[in-house]
Amino acid sequence: MIEVPAADFSLRATLTSGQAFRWTEHDGWAYGFIGSSVLKVRQDGDRLFCESSDPALTPNRISDYFALDLNLPEILSSINVDIQVHQAIMRYRGLRVLRQDGWETLASFICASFNNIKRIEGMIERLCQAYGEPVALNGFRGFSFPTAERLARVPERSLRSLGLGYRAPYLRATARLVAEGKLPTDHLRRVDYETTKRALLGCEGVGDKVADCVALFGFEKYEAFPIDVWMERAMRYYFRHRKMTRKGLHEYARRHFGPYAGYAQQYLYHYVRNLRAAESTKHKADSTQS
DNA sequence: CGCCAGGTGCTGA
DNA sequence: TCAGCACATGGC
């Protein structure tokens, strides 16, 4: 059993906030992958308890994946600049932006465009079952995320048969780009946001929104501020009447929230997506208490 | 059944 | 540069 100190952290909020698509829960444990290694993890207060199939998953590696080295209170105070984001922070304090694998994040968010999370999860799971490597841990059986080299050799029709729809050719083309070394994922982690985003926009199926998601979740670019339909809804708070393009919202948000705008985005996204659900459970709690 | 989903690429003004 | 449109699929 590996133990990892985890102050200012909410495993649940982090794993259910729509930045990763492959974590599942069984008997109070979360099962997922860090790279190609399975991790079984649960949180108890300020500590994580972990088991893994791979000795390479050291406490340091796990801590890095969950970005536990970052000073979250400092980040949150830097983005806590209006009442709406303040509410989101109050409700989901401890949510952190993961440091996921760049290629997996890129491929996943190509699948995520114009789609819903349930189906995204299904598509990615089928991709892994078809082209990943089987891995087991205790009773858990899963498949690692396929490499770019592997997906580059898969015919478009095979990807379509997994339910990827019109994204199939995009994913295949991007897998080829990465496999040929024309999109240096290791390098992108070390260059700035603008450079990373420009490189990502060169992939088919990657526009502004997907590029920002990949920059944020896969390449540690915390200025990135992805805008999807949920964020458009959240941003109505700032522009009740004036109609704004996504580009306008993007420029405003980056100025408004600063260098950790991506954290603000993730808190707001999770918050607005769960507004109705949170309200109804709150009413339930209120009525059972009285 | 119609509507919606972590949008993008293409086209024509 | 920007609006308008087609695009696959499955959950609800």
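All values derive from a computational prediction rather than experimental measurement. Numbered from 1 within each chain, the chains take letters A, B, ... in sequence-line order.
A tilted orientation is assigned to the rings of A/Tyr252 and A/Tyr238, their planes being inclined by 30° to 60°. Note: A/Phe145 and A/Trp103 have perpendicular aromatic rings, judged against thresholds of 30 and 60 degrees for the angle between ring planes. The aromatic rings of A/Tyr271 and A/Tyr92 lie perpendicular to each other, with more than 60° between the two planes, well past the 30° mark.
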Please list, one pair per line, the donor and acceptor atoms closer than 3.5 Å that link side chains of residues 109-126 of chain A to other protein atoms, with sequence neighbours excluded.
residue, atom, partner, partner atom, Å
A/Asn115, OD1, A/Arg119, NE, 3.2
A/Asn115, ND2, A/Cys111, O, 3.0
A/Asn116, OD1, A/Lys118, N, 3.4
A/Asn116, OD1, A/Arg119, N, 3.0
A/Arg119, NH1, A/Gly163, O, 3.1
A/Glu125, OE2, A/Gln129, NE2, 3.2
A/Arg126, NE, A/Leu162, O, 2.7
A/Arg126, NH1, A/Gly122, O, 3.4
A/Arg126, NH2, A/Leu162, O, 3.0

Just distance, no hydrogens or angles: give the donor-acceptor pairs under 3.5 Å from side chains in residues 170-177 of chain A, sequence neighbours left out.
residue, atom, partner, partner atom, Å
A/Arg172, NH1, A/Ala152, O, 3.4
A/Arg172, NH1, A/Val154, O, 2.6
A/Thr174, OG1, A/Tyr170, O, 3.0
A/Thr174, OG1, A/Glu204, O, 3.3

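Shown are A/Arg255, A/Lys197, A/Arg254; of these, the salt bridge (Lys or Arg N to Asp or Glu O under 4.0 Å) with A/Glu223 is made only by A/Arg254.
One atom, NE2 of A/His250, and another, C1' of B/dG7, lie 14 Å apart when rounded to the nearest Å. One atom, CZ of A/Arg119, and another, P of C/dG10, lie 6 Å apart when rounded to the nearest Å. Protein atom CD1 of A/Ile117 is 13 Å distant from nucleotide atom P of C/dC12, rounded to whole Å. Distance, A/Phe114 CZ to B/dA5 C1': 7 Å, rounded to whole Å. Nucleotide C/dT9 holds its P atom 10 Å from the CG atom of A/Leu164, rounded to whole Å. Summarising the geometry, the separation between CD on A/Glu232 and P on B/dA5 is reported as 10 Å, rounded to the nearest angstrom. One can place CZ of A/Arg167 at 17 Å from P of C/dA6, the figure rounded to the nearest angstrom. Spacing between atom CE of A/Met123 and atom P of C/dG11 amounts to 13 Å, rounded to whole angstrom units.
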Nucleotides 8-13 of chain B: protein proximity per nucleotide (B base, S sugar-phosphate only, - neither; heavy atom, under 4.0 Å): SS----

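No engagement by A/Ser108 is indicated, since no non-hydrogen atom pair under 4.0 Å with the nucleic acid exists. Nucleic acid contact class of A/Gln266 (heavy atoms, under 4.0 Å, all strands): base.
A salt bridge is absent between A/Asp27 and A/Arg42: the closest approach of a Lys/Arg side-chain nitrogen to an acidic carboxylate oxygen does not fall below 4.0 angstrom.
The separation of B/dG9 from C/dG10, taken at their P atoms, amounts to 23 Å, rounded to a whole angstrom.
Regarding contacts with the backbone of B/dC4, every side-chain N or O of A/Arg233 stays at 4.0 angstrom or more from both OP1 and OP2.
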